[in-house]
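What follows is a set of notes on a single structure, which appears directly below.
Quick note: numbers below take in every heavy atom, side chains included, and nothing from hydrogens, waters or symmetry partners. Throughout, a chain's letter reflects where its sequence line sits, starting with A, and its residues are numbered from 1.
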There are 2 protein chains.
Amino acid sequence: MNIGDVSTQTGLPAKTIRYYEDIGLVKPLRDDNGYRVFRSQDVHKLNFLGRARALGFTIEDCRTLMALYEDETRASADVKKVARAHLAQIEAKIADLNAMRDTLGHLVEACAGDDRPDCPILQDLGGEP
Amino acid sequence: MNIGDVSTQTGLPAKTIRYYEDIGLVKPLRDDNGYRVFRSQDVHKLNFLGRARALGFTIEDCRTLMALYEDETRASADVKKVARAHLAQIEAKIADLNAMRDTLGHLVEACAGDDRPDCPILQDLGGEP
DNA sequence: CTTGACCTTCCCGTGACTGGAACCCCCACT
DNA sequence: AGTGGGGGTTCCAGTCACGGGAAGGTCAAG
């Protein structure tokens, strides 16, 4: 399978797939003409990566998870550890964003949004009481 | 005031302040020795920027907001528009992260986290039903 | 006079790609 | 035999908002 077909099958842009090869996440074969040739296990790996990335795991986490996936003697505790650390990061991020949304939401509601210059948003940013 | 004092006062790293000068967000004066000299209005601007960044506005948004802040003839509608667009982005991001948290949370809960290899997290990533 | 805390500029690196240039390969059509 | 188009390839540059660190100038204290 060539990269275009793999891109269609996995939903990953060809550029991304090449990048994943670059950083050693996937190792397709090469045809005589230099084209990448993907076996089904490569496609499987790419799907794995796509799902892991969709869950927000970093590339390095993906590398770790892939290694665990391929290691028959893994301990599920190791997988869980990675996942829980990431989950904690997500939750921290959500908390940050919720705080932003609350503050910004109040400010937006308080702003008249007309043609006059008075604006509680700018007042807040300007540090006015 | 030199950059170190400004850094202390605003809580912004000196590197960040220099960067903000680089991209034209602040224009401190220069002493004979080449040191940056910040007036109170510069510090005020930097505090403004710090608060806007803390609310997650992009640098370009900050630039826009600063311009509006300094424009006495602004319409608050313009400010509100920028803020609401950003709020929408925040909410979209929160929705994404909530989805990730839910999925990942279920998977983490379902994982035994022991020394055996069986792991619903990897099963999910691997696309197993 | 030296030490050490400042300050300066400059350049590289980050994460995870994305866009684009310049070029090669293959098949179909005229 | 040429040509066109739709693949593929590499490599370079850019994104965003800084942070690290090198190499060197400046200043106040001891």
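Considering only side-chain N and O atoms, A/Thr16 lies nowhere under 4.0 angstrom from the phosphate OP1 or OP2 of C/dA16. Between D/dG19 and B/Arg18, no contact under 4.0 Å exists linking OP1 or OP2 to a side-chain N or O. Contact annotation: A/Asn33 side-chain N/O to C/dC26 OP1/OP2 distance is under 4.0 Å.
Rounded to an integer number of Å, the gap from B/Ile3 CD1 to C/dA5 P is 19 Å. Atom OH in A/Tyr19 sits about 8 Å away from atom P in C/dG15, given to the nearest Å. Look at CD1 on B/Ile59: it is 14 Å from C1' on D/dT15, rounded to the nearest Å. Atom CZ in B/Arg30 sits about 10 Å away from atom C1' in C/dC7, given to the nearest Å. The distance from atom CD of A/Glu60 to atom C1' of C/dC17 is 15 Å, rounded to the nearest whole Å. To the nearest angstrom, P of C/dC6 lies 17 Å from CG of B/Asp31. Summarising the geometry, the separation between CG on B/Leu49 and C1' on D/dC16 is reported as 16 Å, rounded to the nearest angstrom. Counting to the nearest Å, the P atom of C/dC6 and the CE atom of B/Met1 are 16 Å from each other.
Nearer to the 5' terminus of DNA chain D, by closest-nucleotide assignment, is the contact made by B/Phe57 (compared with the other of B/Phe57 and B/Tyr35).
Within the nucleic acid shown, B/Ile23 has no heavy atom closer than 4.0 Å to any nucleic acid atom.
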Could you please spell out the steps behind the salt bridge (charged side-chain N to carboxylate O under 4.0 Å, His left out) verdict for A/Glu21 and A/Arg30? CA-CA 12 Å; A/Glu21 186 194 15; A/Arg30 292 293 179 138; 3.3 Å; yes

Run the salt bridge (charged side-chain N to carboxylate O under 4.0 Å, His left out) test on B/Arg63 and B/Glu60 for me, step by step, so that the C-alpha distance in whole Å, both residues' side-chain angles and the decisive distance to 0.1 Å come before the verdict. CA-CA 5 Å; B/Arg63 202 188 295 278; B/Glu60 279 320 298; 3.2 Å; yes

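Put simply, CZ on A/Arg18 and CD1 on A/Ile23 are 14.5 Å apart, with the number rounded to the nearest 0.5 Å. Going from atom CG of A/Leu49 over to atom OH of A/Tyr20 covers 6.0 Å, rounded to the nearest 0.5 Å.
For B/Lys15, whose side chain is taken as the heavy atoms from C-beta onward, the closest listed nucleotide among D/dG21, C/dC25, D/dT10 is D/dG21. Checking D/dG19, C/dT8, D/dC27 against the side-chain heavy atoms of B/Arg36 singles out C/dT8 as nearest. Side-chain proximity of B/Thr58 to D/dT9, D/dA17, D/dC18: nearest is D/dA17.
Between A/Asn47 and A/Gln9, the closest heavy-atom pair is OD1-O, 4.3 Å.
Put simply, the side chain of A/Arg39 does not reach to within 4.5 Å of the side chain of A/Pro28, judged on heavy atoms.
Bending across the helix from C/dC1-D/dG30 to C/dT30-D/dA1, expressed as the angle between its end axes from five pairs apiece, amounts to 30° (10° rounding).
Crowding of A/Arg51 atom CZ: a count of heavy atoms from other residues, nucleotides or ligands under 6.0 Å exceeding 12.
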